[in-house]
Amino acid sequence: MAAMKWSGWGEDDVAFTHEDKPALGPFLQSNLDLDVTRETSRPAAFEGLEVPEPSLSPDLSAALEDAVGERSVSTDPLDRVVHARGKGLRDLVRHRRGDLGRLPDVVVRPAGEDEVATTLRAALDADAVLIPFGGGTSISGSLEAPAEERRTVISLDLSRLDRVVAVDAASRLAQIQAGAFGPDLERQLNAQGWTLGHFPDSFSHSTLGGWIATRSSGMQSDRYGDIADLTRAVRVVTPSGLLVTRPVPHTSTGPSVREMVLGSEGRLGVITEATVQVRRVPACRVILGYLFPTWSDGLAALQDVAASEAAPSVTRVSDANETAFSFATRKAPTALDRVKSRALTEYLERRRGFDVGAMCLSFIGYEGSERHVAGQRKAVGRIVGRHGGLCIGASPGELYDQKKFDTPYIRDFLLDRGALADVSETAAPWSRLSGVYDAVMASAHRAFDELGVRGYIMCHLSHSYHSGACLYFTFAFKPAPEGDELVQYDVVKSAIQQAFVDSGATLSHHHAVGTEHQRWLEEDISAPGVAMLQALFGGVDPGANLNPGKIA
Ligand SMILES: Cc1cc2nc3c(=O)[nH]c(=O)nc-3n(C[C@H](O)[C@H](O)[C@H](O)COP(=O)(O)OP(=O)(O)OC[C@H]3O[C@@H](n4cnc5c(N)ncnc54)[C@H](O)[C@@H]3O)c2cc1C
């Protein structure tokens, strides 16, 4: 897997474009005052960056080369810059400016668990810092070394640990190395008829170890579970040796060590392998599009779906703002598309009484045998109908399914045109979701007003559970010319995060804590909770050599 762009998302030769989406330019002009034809900002040229010399003693350098071989120890400037941060908005903006922060001094690429162990031992002996690196897609500041760090910083890139080691077909468990990227891991499993079913939007560029270390969630979590549910056992190289848990379906062995590793962001050790639940690749898979008259209808319908016997693989409903944005990113319609869309609008307005400005687009996915899928569609269809919604067929769902891994490129497109866009996501019980939504919308708009900028915020509900769901907000604005854009960004982002915790929701459903969300941890898990985490990290890693400064 090739490294991502040093200053943006994804592959070098892939970029988002407005040119084949005729409605996008007018949409951004009217909502953000943004002219899509004008590129006003570009990343600094890599050649012009001031990359400081690495701080790496000859002894440590030799020990690392002994551990993994000379070719797998790199002090190349581009390698160090790519491994310095993740892909959060703050990361992208600072990288684009040429503000590189505390770069790792060296990037080390072990080929197996033994090499991970020897590298960690060398790091501890030299009192160096070691930061595990999966795909580098962290969006919560989980990868950056503290600015004031004086010790040598090693970025441990796990990408050579990329194999599906074995599948226990009877137990439906797969042993997979932690550096395997999403597409590679699925390819290896699919070849044997299995799937992990974990598809985060960052799937193409993130790894199993990264998912586990951040408690990730994929779009099909309704059926497959989050990575925390899928991960049955872990192998972790820690300062005191190899931690191994057993892949049993349940255990009563005190507080769960497996759970402690989940979400540990590299602070407890390096995950080298996990045993995960897998399922047979389904015979039939379909994602249907639905329209609801309003956001509250959509919300109520998905709550009823979660309470029903239906078990879809994907449940998602966008609010009216996100629905409008989705329609604005459609490719140029054909004449037939235009006729169909006019007919649909007329039908919705005249026959169904929809206000198309308030309607909400939803996607619900089904997987399994043909019979199972047909039964599920029927059961969900009845619930949708009760809430005034209607099914608009499979083609919007197919489009969403194809586009989902391309959407991350849009942030770079907006940054090139002087606008900041980012996401904040949370989870809350069903009874509180609508209050959380209202509180966040009000807080974000107050923040836009305070800054004197035109801003846009939209939301979708996804990842439904028995007792609640995730709300995923996306916001964008063009910062005022006076004042630092990251300070302005922080005003909006903090307002949203604060609204989460004030209204009883969590600081993050699946993006982790890192440094980005640390400010709200105590309000989320209480002071004794924070103290417990600090004691855990301090006990396992008394020298604070493992990814210091993250979480708590
Ligand atoms: C555009 C975009 C879309 C995203 N969409 C989603 C989404 O849909 N769902 C979701 O859950 N997340 C999403 N994320 C967030 C991110 O992709 C996840 O946090 C992901 O799990 C990180 O995996 P990674 O392999 O890139 O890890 P990295 O970013 O490399 O690392 C993340 C953290 O895990 C630690 N770590 C990595 N590997 C190991 C290991 N082997 N052992 C110990 N610690 C390790 C790192 O030290 C760091 O603290 C998105 C991010 C972006 C930028």
Side-chain angles (χ1 to χ4, degrees), residues 1 3-4 8-10 16 82-92 104 110 113 116 120 129-145 154-162 176-182 185 198-221 226-228 234-238 243 261-274 316 404-412 421-423 425 460 462-463 470 472 474 508-517 546-551:
M1 172 70 63
M4 283 195 276
W9 178 260
F16 181 88
V82 166
H83 286 79
R85 290 180 176 135
K87 299 293 179 192
L89 186 84
R90 234 185 275 275
D91 303 328
L92 299 185
E113 192 170 87
V116 170
L120 178 56
V129 163
L130 184 140
I131 305 179
F133 187 98
T137 65
S138 161
I139 198 162
S140 54
S142 311
L143 284 167
E144 185 172 353
I154 302 168
S155 175
L156 191 77
D157 182 320
L158 277 304
S159 58
R160 292 173 72 203
L161 277 73
D162 60 358
I176 305 179
Q177 288 186 308
F181 281 85
L185 169 163
H198 184 74
F199 298 104
D201 292 355
S202 56
F203 173 77
S204 327
H205 296 282
S206 53
T207 63
L208 175 63
W211 299 337
I212 295 172
T214 56
R215 300 189 72 102
S216 163
S217 186
M219 64 175 277
Q220 293 176 199
S221 67
D226 299 313
I227 203 69
V234 286
R235 292 174 70 90
V236 187
V237 173
T238 76
L243 163 71
V261 172
L262 283 157
S264 57
E265 299 187 31
R267 293 221 50 187
L268 296 176
V270 183
I271 304 160
T272 52
E273 192 181 290
R316 176 181 167 122
K404 62 184 186 283
F405 300 139
D406 296 337
T407 31
Y409 287 94
I410 200 167
R411 268 188 322 170
D412 297 324
D422 200 20
V423 296
E425 40 70 61
H460 64 253
S462 52
H463 312 287
C470 161
Y472 190 103
T474 304
S508 171
H509 167 261
H510 58 260
H511 281 168
V513 184
T515 49
E516 195 64 38
H517 300 137
L546 286 162
N547 204 9
K550 311 305 171 333
I551 308 178

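Worth saying up front: this structure is predicted, and the values here are computed from it rather than measured. Read the numbers this way: they start at 1 and go in the same order the structure lists the ligands and their atoms.
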Subject >> Shortest non-hydrogen separation from Ile227 to Trp211 and the atoms involved >> reply: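 Heavy-atom minimum between the residues: CG2-O, 3.3 Å.
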Original post:
If you count only heavy atoms, which residues are under 4.0 Å from ligand 1?
Top reply: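 These residues qualify: Trp9, Lys87, Pro132, Phe133, Gly134, Gly135, Gly136, Thr137, Ser138, Ile139, Ser142, Leu143, Leu158, Ala178, Pro200, Asp201, Ser202, Ser206, Thr207, Gly209, Gly210, Trp211, Ala213, Thr214, Ser216, Ser217, Glu265, Gly266, Gly269, Val270, Ile271, Pro408, Arg411, His510, His511, Asn547.
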Original post:
What is the ring orientation for Tyr409 with Trp9, classed by angle as parallel under 30°, tilted 30 to 60°, or perpendicular over 60°?
Top reply: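 Perpendicular, since the angle between the ring planes exceeds 60°.
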**OP:** Could you check if a side-chain atom of Ser217 sits within less than 4.5 angstrom of a side-chain atom of Cys470, using non-hydrogen atoms only?
**Re:**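 Ser217 vs Cys470: side chains apart.
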Original post:
Side chains of Glu113 and Val237: closer than 4.5 Å at any heavy-atom pair?
Top reply: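 Counting from C-beta outward, Glu113 and Val237 do come under 4.5 Å.
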Subject >> Listed partners of Arg411 passing side chain to side chain donor-acceptor pair (under 3.5 Å), at least two apart >> reply: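 Partners of Arg411 by the side chain to side chain donor-acceptor pair (under 3.5 Å) criterion come out as none, since no residue qualifies.
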Subject >> Gap between atom CD1 of Ile139 and atom NE2 of His517 - 0.5 Å precision >> reply: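 Those atoms lie 8.0 Å apart.
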